[in-house]
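Next up is a structure, given as structure tokens.
Proteins come first, then strands; the chains are lettered A, B, ... in the order of their sequence lines, and each starts at number 1. Bear in mind that the values here come from a model prediction, so they are computed numbers and not experimental data.
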Amino acid sequence: MTTAVGQSVSRKDGIGKATGATKYADDLHFPGMLFGRTIRSTIPCGRVKSIRMDFDTSGFTIVDYRDIPHRNVVALIDEDQPYLVETEVRHMAEAIVLLAHEDREKLLGANVVIEYEEAEPVFDPERSPHSFKDITIEKGDVEDALASAEIVVEGTYRTGHQEHVYIETNGVIAVPEHGGIALYGSLQCPFYAYKALRSVLGNDHPLRVIQTETGGGFGGKEEYPSMIAGHAALLAVKSGRPVKIIYDRVEDMVATTKRHPSIVRHRTGLTREGRLVAMDVDVILDGGAYSTLSAVVLSRGCIHAAGPYRCDNVKIFGRAMFTNTPPNGAFRGFGAPQTEFAMEVHMERIAEQLGMDSLTLREMNALRPGDMTATSQVLKQDASALECLQEAVRRTDYRRKREELKGTNRGIGLALFYHGAGFTGAGEQRLASKARLDLTATGARIMVASTEIGQGTRTMHAQIVSDALGVPYETIEVAQPDTSVVADSGPTVASRTCMVVGKILERCALEMKERLEGMTPAQYHAKHGAFSIVKEHIQPEWMRWDDDNYQGDAYATYAWGCDVAEVEIDRDTYEVRPVKVTAVQEFGRPIHPALAMGQIEGGTVQGLGYALLEHVVMKNGAMANPTLTNYTIPTTLDTPELDIVMLENHYDGGPFGAKGLGELPMDGPAPAVVNAIRHLGLDLRDIPAIPETLIACASL
Amino acid sequence: MKTALSTLEMRRATSVAEALEILRDEPRMPIAGATDVYVGLNFGTLPELRYLDIWALDELRTITVNEDVLVLGALATYTMMVASALVQERLPMMIEAARQVGGPQIQNRGTIGGNIANGSPAGDSLPVLAACDAVVVLQSAGAERRVKFTEFYTGYRKTVMRRDELVVAVEVPRVSGRQWFRKVGTRAAQAISKVVVAGVRGEGARIAVGSIAPTVIRLTATERALATGSLDEAMVALRGEVNPIDDIRSTADYRKRVTENLVRRFWTETA
Amino acid sequence: MRFTLNGVATDVAAHPMKRLLDVLREECGLTGTKEGCGEGECGACTVLVDGVTVCSCIVPFGQAQDADVVTIEGLGNAHGLQQAFMDEVGAQCGICTPGMVVAASVLNEDPSLEEIRVGLAGNLCRCTGYAAIYRAILSSARAGKA
């Protein structure tokens with residue numbers, strides 16, 4: 001029986017946030033604290049010739065690469081990115097020198113003069129000589145199938161950068177303690193920052209990373225905090241004092257990661273009836289100047305590039321290219337929004353060329369249980385593409401509206417999509433995440449590194465433990481992630497925090513319950529004292545993954561969705577206004593329906609911004625509109641009515657049947673909106689669909 | 001904030017007379033709602049360091065009608081204008097403009113005088129004032145002069161104002177004819193204009209456009225063509241007098257085509 | 001300089017051009033008011049000055065002289081809106097929430113959905129898509145009527 005799971009219980013962190021009592025990084029103060037500032041490159045490519053401190057340096061702590069005690073490399077995957085430029089500058093706003101001072105006015109007034117020798121930058125990923133990663137996914141024989149296909153449809157689709165715009169900018173405080181550093185910060189992955197600090201400071205210092213309440217992440221605080229944490233730690237080590245670095249909005253937008261821009265080319269073979277027989281997909285991501293997470297973003301992008309469709313002959317070739325721009329990185333959806341956008345707009349174009357209804361085309365080809373994905377994964381019963389599609393169509397009266405709105409200033413469009421939950425392939429096995437549950441005098445305390453960044457981690461984990469342990473939700477506490485005390489449950493990314501970490505916690509709670517032998521936690525604690533249960537992730541035994549050939553079970557399960565967007569255009573100004581968006585999504589089971597609803601609503605609106613408003617203007621390798629005035633995310637008045645439907649199709653391997661949800665809602669809105677704009681008669685294939693782009697679009 | 005506070009200095013005036021004396025004696029930038037000032041200060045891009053705070057001058061926070069002229073005191077905020085029956089009756093296009101400035105917080109602080117003196121080509125209220133032949137009232141210590149709004153700007157954020165002068169009001173003569181307003185912004189709220197058109201259709205047409213030139217402009221050739229010829233002829237005239245630029249918010253081509261489309265719509269809808 | 005802060009007569013010595021936001025956070029220790037953009041765009045720093053909403057990141061402290069300033073801390077824990085934000089999950093990451101609650105506190109007592117949308121157009125939220133915020137305000141208004 002469940003009493004907490006499935007209920008919209010009160011958020012663990014609700015009232016502190018609603019009253020303003022909750023403390024975020026910038027709200028914290030430590031005695032003797034200095035403020036840190038980052039001096040950044042003002043060229044996109046070249047070498048540093050000289051650096052001169054053109055100010056009175058008394059009272060300043062100044063750090064350059066020579067002050068790094070261990071390795072000048074941000075430890076992530078390829079380890080190519082330095083904390084501080086030595087000589088080579090690869091992008092605008094690259095960190096070169098760090099300053100700290102107790103007086104912010106003096107800090108801001110400090111003028112550092114840097115002379116450069118400039119070199120020719122590369123901004124176009126298609127002309128870049130260097131790829132960070134190539135991926136090929138191959139099933140069947142695409143060339144053969146294309147040659148014999150009755151119809152071949154080709155197309156190229158482009159997506160732009162997207163900035164996360166967490167309302168709290170990146171910020172950390174490094175505090176010297178016990179001869180080492182305690183790092184407090186707004187971040188998603190405490191152990192990533194921990195590993196990065198180890199790399200820069202070495203093994204001699206005791207270290208811990210404590211997540212402060214985090215004002216939004218969306219992937220933007222996955223890997224970037226490792227950089228700013230290293231910077232603050234270097235200043236703190238050198239000065240021996242706490243150092244706070246909080247980016248202002250401009251610095252945050254210019255210097256930190258964004259969603260990878262993409263160019264996706266499709267060549268698709270079909271029968272005259274519309275059955276997919278060959279899919280040849282070429283994916284290019286703009287990685288920026290360092291590899292960061294581009295290889296894995298590309299991986300997820302490629303795996304999702306064939307969309308939720310069955311086809312026997314598939315070839316997907318992807319590359320993440322070097323350019324002289326700030327590195328792009330993790331952002332909700334992680335490559336899938338880009339490739340699924342291309343697939344879903346391409347499906348619309350295929351239907352147009354076949355002269356058939358795009359709904360029928362999707363129904364005919366949608367993946368069903370028992371079907372094989374592009375990586376030859378055989379789907380189990382928890383695949384719900386058709387159910388989502390049919391419910392969305394029924395609920396919106398799609399066929400009738402599609403007919404009725406033809407030739408008007410209103411359009412309606414749809415997108416079908418899916419999203420794999422957890423790390424790809426053997427990723428979860430390699431991570432081997434652990435969770436710990438401590439018995440307390442009143443209940444239990446969750447000890448994991450999974451972070452609350454607004455999505456409801458604390459609440460949802462507590463619900464799972466409460467029901468598995470059979471104790472009231474209120475008696476479950478959740479520890480603030482501190483790497484010195486919590487178990488390494490892995491990063492808070494990849495829609496894994498509920499499904500993967502929640503499952504480990506469920507197993508901890510079940511074992512704890514056994515140990516209690518029918519006693520309440522209070523009774524047991526009074527008699528025997530506290531104890532802890534630690535469990536590790538168990539990979540489903542049926543999962544097989546070949547990392548060399550990208551074949552096999554890419555994800556333990558997938559969440560599914562179908563979005564319908566209705567839009568209205570002003571044909572004088574080419575402004576497109578979303579009127580209503582219906583999102584039908586299946587993600588196993590909502591642990592907390594109101595939180596799940598919030599994930600879908602919030603993700604959908606981020607997707608609408610991605611589709612219609614959010615335009616990163618790049619000039620000479622840097623964001624030229626790095627303010628919230630000029631990079632426009634949706635306001636209340638840009639946000640349409642949302643109709644959210646949560647379908648259930650339980651996944652056996654998740655806690656109480658739950659899958660991952662966080663990223664799924666990001667995948668659908670952009671193609672649904674663009675398909676609605678196509679319904680208006682404009683041949684649009686790129687986002688953002690700003691009026692300046694639309695006015696130049698050909699009519700269909 | 002990127003600008004060092006220690007470099008800044010502000011004096012507060014308690015009356016218009018005091019404000020004008022201060023301005024006579026030393027150059028200072030008057031600030032009212034400060035909605036644009038701090039954008040510049042935060043980014044460290046504002047050259048001004050000495051300020052005169054006029055926010056407390058309630059005598060300028062008025063909306064009245066005097067001899068059939070609507071007088072908007074310089075400190076009339078967008079919120080005040082939206083709530084004003086006089087503005088609603090006489091200048092409804094100003095209400096439309098005011099509603100679309102920023103969000104409520106900005107409307108509570110932003111003033112008509114600030115919008116005029118700041119002189120951004122994207123100022124949302126400016127095409128309204130240009131289309132209705134408003135007159136700016138400038139005062140200096142012991143003197144007052146009136147400048148036609150259409151002659152107020154001399155270039156990008158440049159005006160005919162002397163440093164000892166203060167915008168104290170803007171006067172709007174009775175507008176005969178239908179008023180029309182359309183802002184094309186970067187989004188639905190909290191938006192900067194990409195094109196903003198205000199039009200009055202009485203005996204002829206008066207059309208003013210923002211965000212397409214270094215200052216708000218009147219489309220005088222287009223107006224003449226509309227008065228005497230066809231809409232198509234007017235469009236030819238319009239293409240000759242509209243030469244916008246590309247910037248981070250939009251493109252020249254977009255601005256030009258949209259201006260044309262909106263003027264066409266104005267003419268059709270007010271027929 | 002004297003002003004009234006959350007109902008209490010207060011005297012703070014600070015530069016008149018210091019942003020009201022910084023005075024509240026640094027001089028008065030009221031960190032519930034957040035900075036999101038520094039240019040009056042996101043509304044995270046929304047407070048009430050003489051009963052109307054302002055973005056405190058673009059208000060010079062000098063202009064708060066003799067004014068009545070109310071921050072999120074001054075609305076009091078008992079404010080029904082705050083409970084409603086909690087119940088309806090109107091707060092996710094929570095960083096926009098104080099500004100959002102302050103902006104919502106001056107809406108009329110029984111606002112329509114459209115009035116809420118217009119009234120909150122100066123407050124950006126990146127987490128919720130606003131829907132749960134509307135639900136919180138509507139439910140608070142319903143509770144107020146009951």
key: Engaged part of L21(C) at the chain B interface, taking heavy atoms whose separation is under 4.5 Å   =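 When you check distances to chain B, no heavy atom of L21(C) falls under 4.5 Å.
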message = With chain C as the partner, which of A189(B), G40(B), A34(B), G103(B) has the greatest number of non-hydrogen pairs under 4.5 Å?
response =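 Looking at each of A189(B), G40(B), A34(B), G103(B) in turn, A34(B) comes out on top.
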key: Side chain / backbone / both / neither for I106(B) at chain C, heavy atoms under 4.5 Å   = side chain
task = Would you sort out whether N42(B) and R19(C) count as a side-chain contact (heavy atoms from CB on, under 4.5 Å), showing the intermediate values?
result = CA-CA 10 Å; N42(B) 280 337; R19(C) 307 183 302 175; 3.3 Å; yes
message = Take a 6.0 Å sphere around CZ of R163(B) and say whether it holds more than 12 heavy atoms from other residues, nucleotides or ligands.
response =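 Yes.
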message = On a heavy-atom basis, which atom in I58(C) and which in T35(B) lie closest, and how many Å separate them?
response = CD1-CA, 3.8 Å
request  = Under 4.5 Å heavy-atom distance to chain B, tell me which part of V49(C) shows up: side chain, backbone, both or neither.
outcome  =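 Neither; nothing under 4.5 Å.
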Positive for side-chain contact (heavy atoms from CB on, under 4.5 Å) with M17(C), one of L5(B), T3(B), T7(B), L49(B) =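 When side-chain contact (heavy atoms from CB on, under 4.5 Å) is applied between M17(C) and each of L5(B), T3(B), T7(B), L49(B), only L5(B) qualifies.
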query = Given a strict heavy-atom distance threshold of 4.5 Å, which part of Q65(C) is in contact with chain B: side chain, backbone, both, or neither?
reply = both
ask   = Checking side-chain contact (heavy atoms from CB on, under 4.5 Å) against P60(C), which of D53(B), L41(B), I31(B) comes through?
value =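 Among D53(B), L41(B), I31(B), the one meeting side-chain contact (heavy atoms from CB on, under 4.5 Å) with P60(C) is I31(B).
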request  = Name the member of V39(B), T79(B), N108(B) that forms the most heavy-atom pairs with chain C at distances under 4.5 Å.
outcome  =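 If we count pairs closer than 4.5 Å to chain C, N108(B) comes out on top.
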ask   = Looking at W55(B), Y38(B), F43(B), which one has more heavy-atom pairs under 4.5 Å with chain C than the rest?
value = Y38(B)
ask   = Does CD belonging to E89(B) count more than 12 external heavy atoms closer than 6.0 Å?
value = yes
request  = Before giving the answer on side-chain contact (heavy atoms from CB on, under 4.5 Å), spell out for N123(C) and Q105(B) the whole-Å C-alpha distance, their side-chain angles and the decisive distance to 0.1 Å.
outcome  = CA-CA 9 Å; N123(C) 292 76; Q105(B) 295 92 327; 2.9 Å; yes
message = Heavy-atom cut-off 4.5 Å, strictly under: side chain, backbone, both or neither for A4(B) against chain C?
response =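 Contact with chain C is absent: no heavy atom of A4(B) under 4.5 Å.
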ask   = Do Q190(B) side-chain atoms and E41(C) backbone N/O form a donor-acceptor pair below 3.5 Å?
value =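 At least one qualifying donor-acceptor pair exists.
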query = So what's closer than 4.5 Å to chain C heavy atoms on A56(B): side chain, backbone, both or neither?
reply =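 Answer is neither: A56(B) stays 4.5 Å or more from chain C.
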query = With no hydrogens and no angle check, is any side-chain donor or acceptor of Q63(C) less than 3.5 Å from a backbone partner on A32(B)?
reply = yes
